Structures are given as structure tokens and as C-alpha cells.
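One is the number of the first residue; the rest follow in order along the sequence. The figures here come from the full heavy-atom set of this structure, side chains too, leaving out hydrogens, waters and symmetry mates. In this text the structure is predicted, and so the values were computed from the model without any measurement.
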Amino acid sequence: MDKQTISVKEAAVYMGISKDLVYQLVRERKVPHLRLSRRILFRKEALNQWLTTQEALSVQQINNND
């Protein structure tokens with residue numbers, strides 16, 4: 001059975017960013033996550049949707065600046 005959630009370390013590798021940046025995004029509540037006690041977990045599906053949204057916003061901003 002595939003895991004439904006991934007850890008901060010796994011999320012950092014998955015998104016290609018540092019663990020510190022993942023923690024910063026969590027603190028700022030910019031990335032979808034869940035807390036179970038002291039653990040921070042991410043659903044890959046939610047991260048994929050968030051990344052797609054961030055990409056669309058980035059493209060929109062580039063187009064608005066042209």
C-alpha cells in the first residue's frame with residue numbers, strides 16, 4: 001500500500017527545496033499540511049495541487065508584467 005502522507009524531509013526532496021524552506025512555508029501557512037502531535041505531514045495530492053496553483057500564479061504574474 002502506498003503511503004498517503006510524506007514527511008518534511010520527503011516533501012523537501014519531492015519539491016526540490018530545502019527543509020528550512022518547507023518549515024518556513026508551514027510557519028507562514030502557505031503550503032497545505034497537517035499536524036499530528038508534533039509531526040508535520042503532507043499529502044502528495046495536496047502538494048501537487050498547490051504546486052500547480054503556484055505555477056499558474058507565476059505565469060499570470062509574468063504575463064501581467066509584459
Side-chain angles (χ1 to χ4, degrees):
M1 175 163 71
D2 289 336
K3 289 178 17 176
Q4 296 295 311
T5 59
I6 58 176
S7 68
V8 170
K9 182 179 179 180
E10 292 168 323
V13 170
Y14 185 71
M15 293 190 288
I17 60 177
S18 70
K19 283 187 350 183
D20 289 339
L21 183 52
V22 173
Y23 282 118
Q24 179 182 340
L25 292 169
V26 167
R27 272 193 310 276
E28 295 172 357
R29 297 181 179 176
K30 291 186 176 179
V31 65
H33 65 281
L34 58 116
R35 286 187 183 266
L36 294 177
S37 186
R38 294 184 58 154
R39 293 197 62 195
I40 299 169
L41 299 171
F42 304 87
R43 289 186 312 118
K44 276 189 177 179
E45 179 183 320
L47 285 179
N48 286 335
Q49 290 174 355
W50 180 77
L51 289 168
T52 299
T53 300
Q54 296 307 304
E55 182 179 35
L57 290 172
S58 178
V59 168
Q60 183 180 32
Q61 187 177 18
I62 289 169
N63 290 337
N64 287 341
N65 289 335
D66 286 342

For this session: Check whether any side-chain heavy atom of E10 sits under 4.5 Å from a side-chain heavy atom of K3, and report yes or no.
Result: yes
For this session: Give the minimum heavy-atom separation between A46 and P32, together with the two atoms involved.
Result: O-CG, 3.7 Å
Exercise. Members other than V22 in its cluster, when Ile, Leu, Val, Met, Phe, Trp, Tyr link by side-chain heavy atoms under 4.5 Å?
Worked result: I6, V8, Y14, M15, I17, L21, Y23, L25, V26, V31, I40, F42, L47, W50, L51
Exercise. Counting only N and O atoms by type, is there a donor-acceptor contact under 3.5 Å from the side chain of S58 to the main-chain atoms of Q54?
Worked result: no
Problem set entry | Separation of L41 CG from Q4 CD (nearest 0.5 Å) | 12.0 Å
For this session: Kindly state each residue pair satisfying salt bridge (Lys or Arg N to Asp or Glu O under 4.0 Å) with at least one member in residues 52-62, sequence neighbours excluded.
Result: none
Problem set entry | Which residues share a side-chain hydrogen bond (donor to acceptor under 3.5 Å, both in side chains) with Q24, sequence neighbours left out | E28
Problem set entry | Over 12 foreign heavy atoms within 6.0 Å of CG, N65 | yes
